[in-house]
**Q** 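Okay, here's the structure, questions in a sec.
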Amino acid sequence: MMPDSTLPKNYDPSSVEQSWYRIWEERGFFAPAAGSKELGSYCIMIPPPNVTGSLHMGHAFQDTIMDALIRFHRMKGFKTLWQTGTDHAGIATQMVVERQLEAEGLTRKDLGRERFIQRVWDWKKSSGGTIVQQLRRMGASCDWTRERFTMDPDLSKAVREVFVRLYNEDLIYRGKRLVNWDPVLQTAVSDLEVQSEEESGFLWHIRYPLIDALDGEPSFLVVATTRPETLLGDTAVAVHPEDDRYRSLVGRQVILPLTGRTIPIIADTYVDPDFGSGCVKITPAHDFNDYEVGKRHHLPMINIFTGEAILNENAPQAYRGLDRYAGRKRLVADLEAAQFIEKIVPHKLMVPRGDRSKSVLEPYLTDQWFVRVAPLAQEAIAAVEEGRIRFVPQNWDKTYFEWMRHIEDWCISRQIWWGHRIPAWYGPDGYLFVCNCEEEVYELAAEHYGRPVSLTQDPDVLDTWFSSALWPFSTLGWPKQSSEMADFYPTQVLVTGFDIIFFWVARMIMFGLKFTNKVPFHTVYIHGLVRDSEGQKMSKSKGNVLDPLDLIDGIDLEALVKKRTRDLMQPHLAQAIENATRREFPDGIAAFGTDALRFTFASLATQGRDIKFDMGRIEGYRHFCNKLWNAARFVWMNTQELGYTVTDGQECTFSLADRWIRSRLQSVKKESAQALQEYRFNDAANGLYGFLWGNYCDWYLEVIKPVLYGPTVAMAEKNGARSTLLVVLEESLRLLHPLMPYITEELWQRMVPLTGRSTYHEGDSIMMAPWPEVEEVWQDEAAEVEMGQVMAFVTAVRTIRSQMNLPPGQPLEVLISGSVATRQRLERHTGWIFPLAKINSMTVLIGSPPPGCATGVIEDLRLFIPLANVLDLEAEEARLQKSIDRLAEFFGARPCRCCGQGREQTRRV
RNA sequence: GGGCGAAUAGCUCAGCUGGGAGAGCAUCGGCCUUACAAGCCGAGGGUCACAGGUUCAAACCCUGUUUCGCCCACCA
């Protein structure tokens, strides 16, 4: 692309972003380049977003971090791969398609399994690409040619391979266990998919009549429960063995109300004698604690529910067919009528809900597949303990250890259709065959039975996280010994949120170690959550969601209101959301561009902290983009437009300012590289911001204007300034590129041909340009000190001018006194000081200063500005009097504590 | 119940191994100075949550307290 010969006055992100991305992608810049041998490879696995998803602020933040790391290492010369792809997200995706079917008046069962799955694939093909397109808008430089989907044939093969191997080692087993069951989705879910929240309920105190009560004994025991309907599945009442009130009753029987069944009174230390009556009803088939008690005491386990949580044939006739809540109502009414209810008290309880369906989960006794995790966990714990994997920030390892050391077996089977089907088949007699290949399993079966038989495959599919756990190696071709595995595994860093340490990170570590004998990554960078400006979690129902694409492209108020109030679960919130939105964004959201958004994320990315997204920040960084743009314009006008380019033989002398800014540049190179290496993105961003704006623009560009414009300035000196302008800008663009890919590319394309860099060829991209290394020859401590004095002097004069209310253009005369060395240094640079400070003379003071001077101090130097001729003395006197009055008032108001005289010096003065 | 984290300027936040309290935004004053008014030059503004302790020296280390947030956990 040929740059225009002039630059527009303002930076317009929309005019450059998408075209540059297209060029990068088309030219194959995202694919791993050869890289340098010594450095080796650098690889990041993207946490695969759900294929149903769309980009939210969390993704945008995470992708910014990953892309910054990837671009930085690519420029550094590593063979760099950002492996991308999407996750099939079993339950979530199935729900999306089922909802579509529902709109057509169909259910998945109407279609049947085959056709339903086809339907999901169709959906994926037509609508599954949203998020990867949005990822592109963020500037993410992942290798799209290697995009993977967790249900791709290769990845599915890896899944079966892992399953079979674990099964053969007895690390996967099938068994009837109490699991968390979602009665709406009709599937088991893992412990991690349960979200318990406190809700208001009741504690029902129910009387269980004691059989053969002796004199002096109570005629009934009172048990308290939050779930009275489960009474129908009770198989015991438990008391604490040391509880004197009930000690004598242990082993006796009570009548289970409304059922006529008799159940034993047992003793178990699980019971807390101080809670309620000290008697607990035991329902082993519907409560996790009771299940354990039941196993200890060999109690029967009576399942009273169907998969939809409807009372089944094990319940008395009167309750069969009622759903759990209707059953509860009926049962409580009946208990009350029969005077079995002692009392009902309001009670707060933790209610377990499914993280997808939000329905109340039911502990439910079913056949499921499990991974025996404990043996895998040991290795995984050791890997972190020994430092082979490092968490950043480090304290997350505590969370990891805590969970890993108390880990329970992982229920991996799901009773849904969309996902990796479990590679297990049952023979006519129920004999189980587990095999990674369908053809082979029939051979195995024929061998087993001595004749060909028909087999039934297990209907269940695997938990989505099972395939995610293989992502770091399944995407690289495992179980084949691929060159990608050799090149990129183990990967360098995993960038993710703390919320999936258990779901994903821990499991990747366990499976990685198990199947590759290597850790899947060396570092786990845990970032915080993106919250709104008030620290609230962003959520649809709160109506405070910001869409990263709206921040990039802008959105008008009406569209924003519409977006936030559409498809609400609770439509009554719409008005409040609309009002709040109109209040917060009266003019909608401006287009900030991708770079400003990315830079905002980077500058807020303090380790281990949630970030409150602040509109003020993103606006400030949009200004920064514009500042950079205009700095480049200035450079352009003073070089290209004058026909100047840096060439080898050109005569060049470098002034103090040149040496100063080049020296500063070396520090910034060092600091920003170090910051990126240590995941201190905020330091990298702030350091570059400060350098470019505070040093380069505010001082350097101003200081050298007299050199650039001065008619009598020697050409060599002009060349020194012009080449410095170009070199510093060009290198700064490269330093900034990992954080702001678009604007840096756009400007770099224009600037780099002027810098005369021998390594530059037409068609190059900044993203493939080398990361600027520190050049020691330009490190110049002396120049930094000397320039520091010049700046301090100028600032001192400006402060005096501002405080004395001297007109900005009024030329001043300055007297100085101090050491000869300092004076001489300043006198060397009057060419800069005079125009910047707007003074027209600088004289060494002999004797004492004349009366009526404003004074300033710079280290060992004093400066005096005689005010007699330039100042309205009466106004100044009034100003001073005011300040004296203020101080007097201050002392008067706060007398000294010891003497009460108001003379004590305080810190404030 | 256990664990983790936070509290610094009006707002959002830096402040690494103890020595100067900082940035951006906002505010106030002055500037259309030919890169940029999305800008320039200045200024004001802080009991670093509280209380003790260690130290020559504490925002930072130790102890305790308060407030807020998150995660895990079986109290029916």
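Proteins come first, then strands; the chains are lettered A, B, ... in the order of their sequence lines, and each starts at number 1. This is a predicted model, so every value here is computed, not measured.
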**Q** Honestly, is A:R798 close enough over A:W699, meaning NZ or CZ under 6.0 Å from the six-membered ring centre and within 45° of the axis?
**A**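 Judged by the rule, A:R798 and A:W699 form a cation-pi pair.
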
**Q** Looking at the rings of A:Y364 and A:W181, which for Trp means the six-membered one, are their centres under 6.0 Å apart?
**A**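 Between A:W181 and A:Y364, which both carry aromatic rings, the centre distance is below 6.0 Å.
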
**Q** Would a line drawn from the ring center of A:Y742 to the ring center of A:Y11 be shorter than 6.0 Å?
**A** no

**Q** From C-beta outward on A:H623, which listed nucleotide comes closest to its side chain: B:G15, B:A35, B:G39?
**A**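 Nearest to the side-chain atoms of A:H623, counting from C-beta on, is B:G39.
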
**Q** Just call it for A:E678: base, sugar-phosphate, or nothing, with non-hydrogen atoms closer than 4.0 Å on any strand.
**A** nothing

**Q** Say we look at B:U8 and B:A49: how far apart would their P atoms be, to the nearest angstrom?
**A**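 After rounding to an integer number of Å, I get 6 Å for this pair.
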
**Q** Return the value, rounded to whole Å, for the distance between atom CG of A:N638 and atom C1' of B:A35.
**A**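 The answer, rounded to whole Å, is 9 Å.
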
**Q** In whole Å, I'd like the distance from the CZ atom of A:F503 to the C1' atom of B:C71.
**A**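 So the CZ-C1' distance, A:F503 to B:C71, works out to 13 Å.
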
**Q** What interatomic distance, in whole Å, is found between C1' of B:U65 and the corresponding atom of B:G22?
**A** 29 Å

**Q** Out of A:L299, A:V280, A:V271, which residue meets the side-chain contact (heavy atoms from CB on, under 4.5 Å) rule with A:I266?
**A**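 Going through A:L299, A:V280, A:V271 one by one, the side-chain contact (heavy atoms from CB on, under 4.5 Å) with A:I266 is satisfied by A:L299 alone.
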
**Q** Please classify the nucleic acid contact of A:F275 as base, sugar-phosphate, or nothing, using heavy-atom distances under 4.0 Å.
**A** base

**Q** I'd like the C1' distance from B:A51 over to B:A58, given in whole Å.
**A** 15 Å

**Q** Across all strands, who's sitting opposite B:G69 as a Watson-Crick or G-U wobble pair, both distances under 3.5 Å?
**A** B:C4

**Q** Centres of the A:F220 and A:Y208 rings: under 6.0 Å?
**A** no

**Q** If you measure from the P atom in B:G44 to the same atom in B:C70, how many Å do you get, rounded?
**A**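 Each nucleotide's P atom is 40 Å from the other's.
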
**Q** Can you tell me if the side-chain N/O atoms of A:W693 get under 4.0 Å from OP1 or OP2 in B:C40?
**A** yes

**Q** May I ask you to say what A:K705 touches in the nucleic acid, namely base, sugar-phosphate or nothing, with a heavy-atom cut-off under 4.0 Å?
**A** base

**Q** With nearest nucleotide decided by heavy atoms, which residue, A:D610 or A:E702, maps closer to the 5′ end of RNA chain B?
**A** A:D610

**Q** Answer yes if the ring centres of A:Y621 and A:Y689 are under 6.0 angstrom apart, and no otherwise.
**A**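 Yes; A:Y689 has its ring centre under 6.0 Å from that of A:Y621.
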
**Q** Looking at B:A37, B:A76, B:G24, which one has an atom nearest to any side-chain atom of A:R617?
**A** B:G24

**Q** For B:G52 versus B:G15, give the span between their C1' atoms, rounded off to a whole number of Å.
**A**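 Approximately 25 Å lies between the C1' atom of B:G52 and that of B:G15.
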
**Q** Taking the P atom of each, how far is B:G64 from B:G5, in whole Å?
**A** 15 Å

**Q** Checking contacts here: which listed nucleotide (B:G5, B:A6, B:C70) is nearest the side-chain heavy atoms of A:N395?
**A** B:G5

**Q** Check every strand shown and say whether A:L529 touches a base, only sugar-phosphate, or nothing at a heavy-atom separation below 4.0 Å.
**A**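 Nothing: the residue A:L529, judged by heavy atoms under 4.0 Å, touches no strand.
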
**Q** Please report the distance separating the C1' of B:C56 from the corresponding atom of B:G46, rounded so that it comes out in whole Å.
**A** 26 Å

**Q** Do the side-chain N or O atoms of A:Y709 get closer than 4.0 angstrom to the phosphate oxygens (OP1, OP2) of B:A35?
**A**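 So the side chain of A:Y709 is within the cut-off, an N or O lying under 4.0 Å from OP1 or OP2 of B:A35.
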
**Q** Report yes if at least one side-chain N or O of A:K9 is closer than 4.0 Å to OP1 or OP2 of B:A37; otherwise report no.
**A**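 Indeed, a polar side-chain atom of A:K9 lies that close.
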
**Q** Nearest to the A:D614 side chain among B:A38, B:U12, B:A76, which nucleotide is it?
**A** B:U12

**Q** Base, sugar-phosphate, or nothing: which does A:R609 touch, judged by heavy atoms less than 4.0 Å apart?
**A** sugar-phosphate

**Q** What is the nucleic acid contact for A:V223, judged by heavy atoms within less than 4.0 Å: base, sugar-phosphate only, or nothing?
**A**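 No contact.
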
**Q** Among B:A14, B:G69, B:A76, find the nucleotide with the atom closest to the side chain of A:D683.
**A**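 Closest of the options to the side chain of A:D683: B:A14.
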
**Q** Mind checking A:R798 for me? I need base, sugar-phosphate or nothing, with any heavy atom below 4.0 Å counting as a touch.
**A**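 A:R798: backbone/sugar contact only, no base atoms under 4.0 Å.
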
**Q** Heavy atoms under 4.0 Å, any strand shown: does A:W204 hit a base, just sugar-phosphate, or nothing?
**A** nothing

**Q** Reckon A:D272 touches a base, only the sugar-phosphate, or nothing at all at heavy-atom distances under 4.0 Å?
**A**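 Base contact.
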
**Q** A:C279 near the nucleic acid: base, sugar-phosphate alone, or nothing, with a heavy-atom cut-off under 4.0 Å?
**A**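 No contact.
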
**Q** Counting any heavy atom closer than 4.0 Å, what does A:D499 reach on the DNA or RNA strands: base, sugar-phosphate only, or nothing?
**A**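 Result for A:D499 = nothing.
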
**Q** When the distance from CZ of A:F691 to C1' of B:A23 is rounded to whole Å, what number comes out?
**A**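 The answer, rounded to whole Å, is 18 Å.
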
**Q** Looking only at side-chain N and O atoms, does A:T799 come under 4.0 Å of OP1 or OP2 in B:C41?
**A**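 Checking A:T799 against B:C41: no side-chain N or O falls below 4.0 Å of OP1 or OP2.
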
**Q** Answer with base, sugar-phosphate or nothing: what part of the nucleic acid does A:K627 contact at a heavy-atom distance below 4.0 Å?
**A**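 Answer is base: heavy atoms of A:K627 come under 4.0 Å of a base.
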
**Q** Can you identify which nucleotide, out of B:G15, B:A6, B:A37, has its nearest atom closest to the A:T606 side chain?
**A**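 For the A:T606 side chain, the nearest candidate turns out to be B:G15.
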
**Q** When you get a sec, tell me which of B:C74, B:A7, B:C75 is the closest nucleotide to the side chain of A:N289?
**A** B:C74

**Q** Here's a test of your reading of the structure: between A:Y689 and A:T399, which maps to the more 5' nucleotide of RNA chain B?
**A**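 Checking each residue's closest nucleotide, the 5'-ward one belongs to A:Y689.
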
**Q** Send over the distance from A:K612 NZ to B:C13 P, rounded to a whole Å.
**A**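 For the pair A:K612 NZ and B:C13 P, the rounded distance is 4 Å.
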
**Q** Quick one: does any side-chain atom of A:S802 pair with a main-chain N or O of A:T799 as donor and acceptor, under 3.5 Å?
**A** no

**Q** A:I501 has an atom CD1; how far is it from atom P of B:C72, in whole Å?
**A** 11 Å

**Q** Round to a whole Å and report the spacing from CD1 of A:I839 to C1' of B:C41.
**A** 16 Å

**Q** Just say parallel, tilted or perpendicular for the rings of A:Y400 and A:F391, cut-offs at 30° and 60°.
**A** tilted

**Q** Rounded to whole angstroms, how far apart are CD on A:Q536 and C1' on B:C68?
**A**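 So the CD-C1' distance, A:Q536 to B:C68, works out to 12 Å.
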
**Q** Under 4.0 Å, heavy atoms only, any strand: does A:S196 hit a base, just the sugar-phosphate, or nothing?
**A** nothing

